[in-house]
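Just the heavy atoms: all of them, side chains too, but no hydrogens, waters or symmetry mates, feed the values below.
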Amino acid sequence: MSVSYLTESGSEGRGTMTSINSLMNGPSRTPEGSGEINLSDLVRILRRRVRLIAASLIVVLVLGVLYCVVRTRRYEAISELAIYPEGSDALDMGDITASIGGGGLDFDEKLETQVRILKSKSMAWSVISELRLDKEPTFAGHRKLIFLGPYVLPGAPEQIEKTDSERKNQLLEKFSKSLTVQTISRTQAVEITFRDASPALAREVVNHLSSAYAQRNFVTRFNDTMKASDWLSSQLDQLKSRVEESQSKLAQFQKQTGIFGTDENDNLVLSKLGDLSKELTDAEADRIVKEAKYRVAQSGNPELIGTIVPDSVLPVLRGQEADLKNQLAQANTEFGPHYPKVIQMQNQVAQLDKSLHKEIADIQERFRGDYEASAAAEKQLQASFDQQKQKAYDMSEGLSQYGILKREVESGNDLYEDLLKKLKEAGVVASLKAATIDVIDPATLPTRPIEPNIPLAMALSMILGLGSGVGLAFIAENLDNTVRSTEDIESLTAIPLFGSVPHFKLNQSSQTKNPGSMRKASTETTTLVPIVLLRPNSQISEAFRSLRTALLLTSARMPPKAVLITSALPGDGKTTVTMNLAAVLAQQGARVLLVDADLRRGLIAERLNLDRNFGLSGSLAGAGVWRDAIETIPEAPNLFILQAGLRPPNSADLLGSTKMHDLIEDWRAEYDHVIIDSSPCLAITDAVLVAQKTDTVILVTRIAHTPRASLRRVSELLQSSNVHVAGIVINDVGITDDYYGYAYSKYAGYYTEDGT
């Protein structure tokens with residue numbers, strides 16, 4: 001069943017009605033009468049705030065998803081190394097087996113020492129230097145916009161050794177945070193892991209660290225065990241002498257010919273020639289600029305000179321001269337050329353003119369000196385360049401001999417390096433017994449990111465979302481100052497509870513379900529027949545029939561005839577309650593007059609799609625007889641309707657007049673029941689004025705809408721006005737909420753076949 005509640009403003013009401021406990025502001029009680037919170041109260045609060053909890057869960061889940069989307073993916077490469085006891089023989093399996101079986105506590109300490117070596121700054125820097133991690137964006141850079149955008153990489157020097165200390169410490173700290181080295185329990189192995197946004201880089205770092213560590217361990221032990229061969233050492237000494245002799249000849253030839261540099265095409269003479277060429281070009285450009293400024297200064301134009309000498313006093317002098325000439329012209333016109341002040345001003349103009357010409361002359365002299373100095377420097381550089389060019393021509397004759405000597409030195413060096421390599425190989429053979437590192441599993445290319453952990457992030461988001469949603473639900477419940485339960489009403493006012501109206505929704509599809517309610521809506525206004533006429537067998541209709549029974553049993557002698565229905569504030573639903581109560585009274589066969597006494601904002605005519613007439617306001621103002629304004633609807637022949645009419649400027653005066661009293665008396669005589677819909681009590685005084693002329697008053701309050709303070713004030717206002725209040729009708733009770741010990745939804749199918 002599609003349900004909602006229609007208020008005076010035409011908006012759909014909200015609807016739940018549950019018992020509220022001490023979480024609410026103000027006293028409350030549980031159904032058992034104790035002041036403690038039980039599980040059912042908590043469940044009702046959570047059910048009432050399920051949308052808030054769901055919204056919180058969705059928001060946190062969305063944030064979690066966004067975190068997983070924008071978080072930089074990091075991959076983890078893993079390698080395992082086996083570290084054998086010190087002094088083991090890599091070629092003697094028996095000794096290795098014996099060493100493995102007898103590691104003990106001493107070996108654990110040595111293994112931890114090796115872990116510290118792997119995590120040391122020297123090892124880290126060797127890997128950073130070898131792979132040039134300072135130029136890797138994913139390692140040394142940072143995102144432009146936190147987690148988004150391209151990587152921003154600070155400038156890195158061409159040589160890693162030139163990295164400043166602060167940047168070096170940053171790189172080492174980043175490396176340390178990304179690296180994890182730990183021992184594997186009950187083994188002689190360690191596990192090396194490294195995380196980075198680039199999977200290939202993570203793999204390279206782990207493998208290079210393993211290789212660098214093995215090399216370091218090898219070199220350390222090699223230096224202790226290596227003994228060079230005597231013959232190989234002597235050959236190296238002789239070869240070294242021959243290489244030094246060749247280098248001496250080459251140096252002597254360079255000294256004679258002036259060829260200094262790495263090769264015949266890159267030497268000191270050519271380098272100096274290139275430097276002189278660059279300096280000559282710069283000097284020529286400088287001379288051209290200064291010559292241009294000198295030409296501008298020679299023109300004598302103060303405006304042009306001011307553009308090349310912005311800090312000169314020319315603009316000031318010209319401004320003073322212009323002002324003084326203006327003053328002189330005015331004084332000459334007023335006093336004549338022989339007036340003393342005019343003569344004095346003429347002298348001042350002449351003096352300023354001299355100062356101006358002197359300043360121009362000084363600037364011209366300064367630019368002339370700059371130009372001549374620049375021209376002289378250019379001329380001197382030209383001479384040096386010509387001289388160096390001649391040296392280069394002379395040097396080219398000895399380049400062939402220089403190449404022969406240079407190749408002799410290079411061949412000697414190559415032979416020396418080859419023999420040195422042989423010497424190192426001999427050392428490797430001598431130190432094979434010292435090799436103690438074995439790479440069990442080299443790092444492979446990771447295919448799945450280790451960060452962010454999406455399952456964990458989603459699980460934490462769900463937990464956090466539910467937790468924050470529950471917390472917000474209880475906070476919202478605690479901050480809610482509206483009426484939520486019978487306990488609230490009992491604690492705020494002494495007026496008894498009169499009945500309850502469930503939450504419902506009325507739409508056009510609901511009207512067409514009942515063949516007896518086929519009133520068509522106009523093109524502009526929707527006809528809203530009272531719900532008791534549309535769904536006579538629904539639980540909503542049953543609620544209004546219960547309200548009718550309670551009204552008829554209010555008085556032991558005879559039921560009240562004139563009944564006024566009001567509320568504390570607009571939007572509590574008094575108009576809908578009034579219309580449906582009048583309709584169920586008319587269903588019994590009684591003649592019922594439905595009066596819209598809300599002269600300021602009457603909605604009954606609009607709800608029932610009635611044509612506008614002078615109504616109650618016109619009857620009170622003398623514009624017509626009230627009987628002529630009575631209208632009916634086909635669905636309820638015994639229901640007579642008097643609409644509010646046009647809005648008067650003095651509604652309180654009309655409703656409080658004797659004319660209104662006379663009308664009510666006439667209504668009493670002609671109708672069995674008079675149901676009056678009035679304006680809200682706290683908004684204006686109209687309802688109180690009419691209430692004093694009726695038999696009883698029914699106060700409508702709406703669940704989750706009427707503030708508690710407003711309910712307290714309106715009850716005090718009605719009781720202080722000597723008005724008989726039959727009771728309070730709780731409006732907009734949730735269909736699924738437990739109220740008066742049962743929930744409407746439990747008996748939804750009791751009324752009709754479809755449960756409406």
Enquirer: If we ignore hydrogens and angles and just use 3.5 Å, is the side chain of R195 paired with the main-chain N or O of R74 as donor and acceptor?
Expert: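 No, R195 side chain to R74 backbone: no donor-acceptor pair under 3.5 Å.
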Enquirer: Salt-bridge test for R627 and D666: reply yes if a basic N is under 4.0 Å from a carboxylate O, no otherwise.
Expert: no
Enquirer: Could you tell me which residues satisfy side chain to side chain contact (heavy atoms under 4.5 Å, CB included) with A54, sequence neighbours excluded, listed by chain and number?
Expert: none
Enquirer: What pairs with I604 under side chain to side chain contact (heavy atoms under 4.5 Å, CB included), at least two apart in sequence or on another chain?
Expert: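 I604: side chain to side chain contact (heavy atoms under 4.5 Å, CB included) contacts with T575, M579, L594, D596, L608, I641, D677.
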Enquirer: Side chain of S617, backbone of L646: donor and acceptor closer than 3.5 Å?
Expert: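 The answer is yes, because a donor-acceptor pair under 3.5 Å joins these two groups.
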Enquirer: Considering only heavy atoms from C-beta outward, does the side chain of P707 approach that of L569 to under 4.5 Å?
Expert: yes
Enquirer: State whether the side chain of K561 and the backbone N or O of R668 hold a donor-acceptor pair below 3.5 Å, judged by distance alone.
Expert: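 Checking the backbone N and O of R668 against the side chain of K561, a donor-acceptor pair under 3.5 Å is found.
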Enquirer: Report yes if the side chains of N580 and L547 come closer than 4.5 Å at any heavy-atom pair, otherwise no.
Expert: no
Enquirer: Between H673 and L552, is there a side-chain heavy-atom distance shorter than 4.5 Å?
Expert: yes
Enquirer: Run the side-chain donor-acceptor check on residues 717-724: report pairs under 3.5 Å with partners two or more places apart or on a different chain.
Expert:
| residue | atom | partner | partner atom | Å |
| --- | --- | --- | --- | --- |
| S720 | OG | E716 | O | 2.9 |
| S720 | OG | L717 | O | 2.9 |
| S721 | OG | L717 | O | 2.7 |
| H724 | ND1 | T696 | OG1 | 2.8 |

Enquirer: Mind checking the OG1-CZ spacing from T706 to R712? Nearest 0.5 Å is all I need.
Expert: 13.5 Å
Enquirer: Starting from the C-alpha separation in whole Å, work towards a yes-or-no answer on side-chain contact (heavy atoms from CB on, under 4.5 Å) for I633 and L533.
Expert: CA-CA 11 Å; I633 58 177; L533 301 179; 4.0 Å; yes
Enquirer: Which value, rounded to the nearest 0.5 Å, describes the distance between Q643 atom CD and R607 atom CZ?
Expert: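 The CD atom of Q643 sits 14.5 Å away from the CZ atom of R607.
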Enquirer: Give a yes or no on whether the backbone of V592 and the side-chain of D672 come within a donor-acceptor separation of less than 3.5 Å.
Expert: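 Side chain of D672 to backbone of V592, a donor-acceptor pair under 3.5 Å: no, none is there.
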Enquirer: To the nearest 0.5 Å, tell me how far L553 CG sits from R548 CZ.
Expert: 11.0 Å
Enquirer: Any chance the side chains of R702 and S567 put a donor and an acceptor closer than 3.5 Å?
Expert: no
Enquirer: For residues 455-464, run the donor-acceptor check on the side chains, cut-off 3.5 Å, and write out each pair with its distance to 0.1 Å, sequence neighbours left out.
Expert:
| residue | atom | partner | partner atom | Å |
| --- | --- | --- | --- | --- |
| S461 | OG | A457 | O | 2.7 |

Enquirer: Under the 3.5 angstrom rule, does the side chain of T554 hit a backbone N or O of A550 as a donor-acceptor pair?
Expert: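 It does hold such a pair.
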Enquirer: What distance separates T493 OG1 from R713 CZ, expressed to the nearest 0.5 Å?
Expert: 13.5 Å
Enquirer: A583 and L639: which non-hydrogen atoms are nearest, and at how many Å?
Expert: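 Reported closest heavy-atom pair: CA-CD2, 4.4 Å.
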Enquirer: I'd like to know whether T447 forms a side-chain contact (heavy atoms from CB on, under 4.5 Å) with Y75, so could you lay out the CA-CA distance, the side-chain angles of the two residues, the decisive distance to 0.1 Å, and finally the verdict.
Expert: CA-CA 8 Å; T447 57; Y75 298 82; over 6 Å; no
Enquirer: Which atom pairs, donor and acceptor, lie under 3.5 Å between side-chain atoms of residues 650-660 and protein residues at least two apart or in another chain?
Expert:
| residue | atom | partner | partner atom | Å |
| --- | --- | --- | --- | --- |
| S651 | OG | R600 | NE | 3.1 |
| S651 | OG | R600 | NH2 | 3.1 |
| S651 | OG | D686 | OD2 | 3.0 |
| S657 | OG | L654 | O | 2.6 |

Enquirer: Kindly indicate whether the side chain of F498, heavy atoms from C-beta on, has any atom under 4.5 Å from the side chain of L551.
Expert: yes
Enquirer: Quick check: do V595 and L663 have side-chain heavy atoms less than 4.5 Å from each other?
Expert: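 Answer no - side chains too far apart.
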Enquirer: With rounding to the nearest 0.5 Å, note down the distance linking CD1 in I495 to CG in L497.
Expert: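 Answer for the CD1-CG pair, I495 versus L497, is 10.0 Å.
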Enquirer: Taking all non-hydrogen atoms of both residues, which atom of W626 and which atom of L642 are closest, and how far apart?
Expert: O-CD1, 4.1 Å
Enquirer: Please give me the minimum heavy-atom distance between T566 and A687, naming the atom from each residue.
Expert: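 Reported closest heavy-atom pair: OG1-CB, 3.7 Å.
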Enquirer: Is any side-chain heavy atom of T578 closer than 4.5 Å to one of V563?
Expert: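 Of all side-chain heavy-atom pairs linking T578 with V563, none is under 4.5 Å.
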Enquirer: Restricting to non-hydrogen atoms, name the atom on A597 and the atom on I676 that form the minimum distance, rounded to 0.1 Å.
Expert: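 In this case the closest contact between A597 and I676 is CB-CG2, 3.4 Å.
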Enquirer: Ignoring hydrogens and angles, state whether a donor on the side chain of N613 or E631 is under 3.5 Å from an acceptor on the partner side chain.
Expert: yes
Enquirer: Give, for atom CD1 of I675 and atom CZ of F640, the distance between the pair rounded to the nearest 0.5 Å.
Expert: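 Rounded to the nearest 0.5 Å, the CD1-CZ separation comes to 14.0 Å.
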Enquirer: Quick one, I664 and V674 - any side-chain contact, counting heavy atoms below 4.5 Å?
Expert: no
Enquirer: Less than 4.5 Å apart, any side-chain heavy atom of K574 and any of P680?
Expert: yes
Enquirer: Indicate the atoms forming the closest heavy-atom contact of L581 with F544, along with that distance.
Expert: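 Taking every non-hydrogen atom into account, N-CD2, 4.2 Å.
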Enquirer: I'd like a table of donor-acceptor pairs (distance under 3.5 Å, sequence neighbours excluded) in which one partner is a side-chain atom from residues 56-65, with atom names and distances.
Expert:
| residue | atom | partner | partner atom | Å |
| --- | --- | --- | --- | --- |
| S56 | OG | G465 | O | 3.1 |
| S56 | OG | S468 | OG | 2.7 |
| S56 | OG | G469 | N | 3.2 |

Enquirer: On a heavy-atom basis, which atom in A568 and which in D572 lie closest, and how many Å separate them?
Expert: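 Taking every non-hydrogen atom into account, N-OD2, 3.6 Å.
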Enquirer: Should we say atom CG of D611 is surrounded by more than 12 heavy atoms from elsewhere, each under 6.0 Å from it?
Expert: no
